[in-house]
Number of protein chains: 2
Amino acid sequence: MTSTEAQDDTAARSTVRPTRQRRAVAAALAGLDDFRSAQEIHDLISQQGGSVGLATVYRTLAALAEAGEVDMLRNEDGEAVWRSCSDAHHHHLVCRTCGATVEVEGPAVERWTSAIAREHGYADLSHTLEIFGTCPRCV
Amino acid sequence: MTSTEAQDDTAARSTVRPTRQRRAVAAALAGLDDFRSAQEIHDLISQQGGSVGLATVYRTLAALAEAGEVDMLRNEDGEAVWRSCSDAHHHHLVCRTCGATVEVEGPAVERWTSAIAREHGYADLSHTLEIFGTCPRCV
DNA sequence: TGGCAGTTGAGAATCATTGTCAAATCATCT
DNA sequence: AGATGATTTGACAATGATTCTCAACTGCCA
Ligand SMILES: [Zn+2]
Ligand SMILES: [Zn+2]
Ligand SMILES: [Zn+2]
Ligand SMILES: [Zn+2]
């Protein structure tokens with residue numbers, strides 16, 4: 001996950017309805033512990049008898065990520081994958097085979113990145129830090 | 001950049017010719033200090049009177065990255081961008097506006113990621129760590 | 001100079017992601 | 001309930017980056 005959060009959203013007036021589709025996506029994510037692509041989440045919902053358009057899955061995932069409800073990162077192939085995580089800022093140790101994830105925290109790393117960036121005069125920071133590997137179950 | 005390097009390449013017999021196209025791509029990279037997309041590098045070569053097919057630019061960049069000659073990372077939009085860097089393993093502080101880059105090293109971070117991963121039984125590791133921001137010149 | 005593996009480029013093909021827009025839903029107010 | 005207006009959805013088109021295809025071309029070396 002990145003460290004910058006989109007907060008403003010000038011049109012803070014708009015209602016966000018908890019529709020059947022959005023509940024389905026949220027439920028699918030809640031039932032998972034791994035990072036999954038939009039396509040996989042879409043398929044999962046279908047397999048469970050649900051029916052949500054792929055575009056809606058993308059829109060919902062984007063909204064959830066925007067709201068900080070889920071984390072999105074790009075796997076080694078550049079594809080976006082999502083997962084519902086804890087609230088606190090953290091990073092991930094992800095199995096590149098099955099997506100199994102471990103949330104990790106590194107206060108020292110956070111401080112280090114800020115210091116480095118500031119030192120070089122960079123502002124409006126964000127950072128990505130993900131560890132990929134093969135989990136014990138995937139040999 | 002990631003920490004794993006592709007080494008084997010079973011067909012280690014193949015010759016790698018220093019063609020006009022490959023030289024053009026290498027030269028373009030040498031004349032840059034920022035991370036750029038394949039398209040940008042392609043355009044740059046064209047502007048300087050050169051002519052190299054976009055597919056060849058992609059192929060050459062992939063080969064150079066494979067050989068460790070250049071670093072490839074994905075910007076916040078998920079696009080792949082390349083840059084010729086120093087040999088040692090390092091990470092980057094990148095301006096999300098102009099691509100201006102500062103190479104950074106963090107031995108402590110390297111140790112930390114390895115420890116965390118090992119601790120959870122993950123093998124065959126690699127990691128990504130990039131810091132994005134707005135450089136001094138881009139306000 | 002011939003032969004050939006390695007290379008190239010134009011264009012098609014993939015594929016993830018986003019845009020379009022009419023139809024469907026929902027919330028609210030008579 | 002019925003009307004009304006905003007929000008949401010989904011089928012499908014459109015993008016855009018990256019890869020694939022394959023016939024033509026080239027660098028190398030006997
Ligand atoms: Zn696994
Ligand atoms: Zn962090
Ligand atoms: Zn800049
Ligand atoms: Zn590192």
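In what follows, chains are A, B, ... by sequence order, proteins preceding strands, each numbered from 1.
Residues Gly53(A) and Ser37(B) both approach DNA chain D. Their nearest nucleotides, taken by heavy-atom distance, put Gly53(A) toward the 5′ side. Residues Thr56(A) and Pro18(B) each lie close to DNA chain D; by heavy-atom proximity, the contact nearer the 5' end of the strand is made by Thr56(A).
Here the side chains of Val109(B) and Trp112(A) are in contact, with some heavy-atom distance below 4.5 Å.
Residue Glu105(A) qualifies as open at atom CD: its count of foreign heavy atoms under 6.0 Å is 12 or below.
For the residue pair Tyr122(B) and Cys135(A), the shortest heavy atom distance occurs at CZ-CB, 3.5 Å.
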Decide yes or no on side chain to side chain donor-acceptor pair (under 3.5 Å) for His91(B) and His127(B), but give the supporting numbers first.
-> CA-CA 10 Å; His91(B) 297 277; His127(B) 63 255; 3.2 Å; yes
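Straight-line distance from the CH2 atom of Trp82(B) to the P atom of dA17(D): 11 Å, rounded to whole Å. Whole-Å rounding puts the Arg23(B) CZ to dT26(D) P distance at 14 Å. Taking atom NE2 of residue His42(A) and atom C1' of nucleotide dT17(C), one finds them 14 Å apart after rounding to whole Å. Taking atom CZ of Arg20(A) as the reference point, atom P of dA24(C) lies 14 Å away to the nearest angstrom. As a whole-Å value, the separation of Gln39(A) CD from dT17(C) P is 9 Å. Between the CZ atom of Arg36(B) and the C1' atom of dT18(D) there is a distance of 20 Å, rounded to whole Å. As rounded to whole Å, 14 Å separates atom C1' of dT17(C) from atom CD1 of Ile41(A). The interatomic distance linking Leu64(A) (CG) with dT8(D) (C1') rounds to 15 Å, in whole Å.
Within 4.0 Å (heavy atoms only), Ser51(A) reaches sugar-phosphate atoms of the nucleic acid but no base atom. Among the protein residues, Ala38(B) comes within range of no part of the nucleic acid, since none of its heavy atoms lies under 4.0 Å from any strand.
The phosphate of dG6(C) (OP1 or OP2) has no side-chain N or O of Thr19(B) nearer than 4.0 angstrom. Of the side-chain N and O atoms in Gln21(A), one or more sit less than 4.0 angstrom from OP1 or OP2 of dG10(D). Using a 4.0 Å cut-off, some side-chain N or O of Tyr58(B) falls inside it from OP1 or OP2 of dT18(D). Contact check, Arg22(B) against dT8(C): a side-chain N or O comes under 4.0 Å of OP1 or OP2.
Note on Arg83(A) versus Glu103(A): salt bridge recorded, some NZ/NE/NH1/NH2 to OD/OE distance being below 4.0 Å.
Checked by distance alone, Arg59(B) brings no side-chain donor or acceptor within 3.5 Å of a matching partner on the base of dG6(C).
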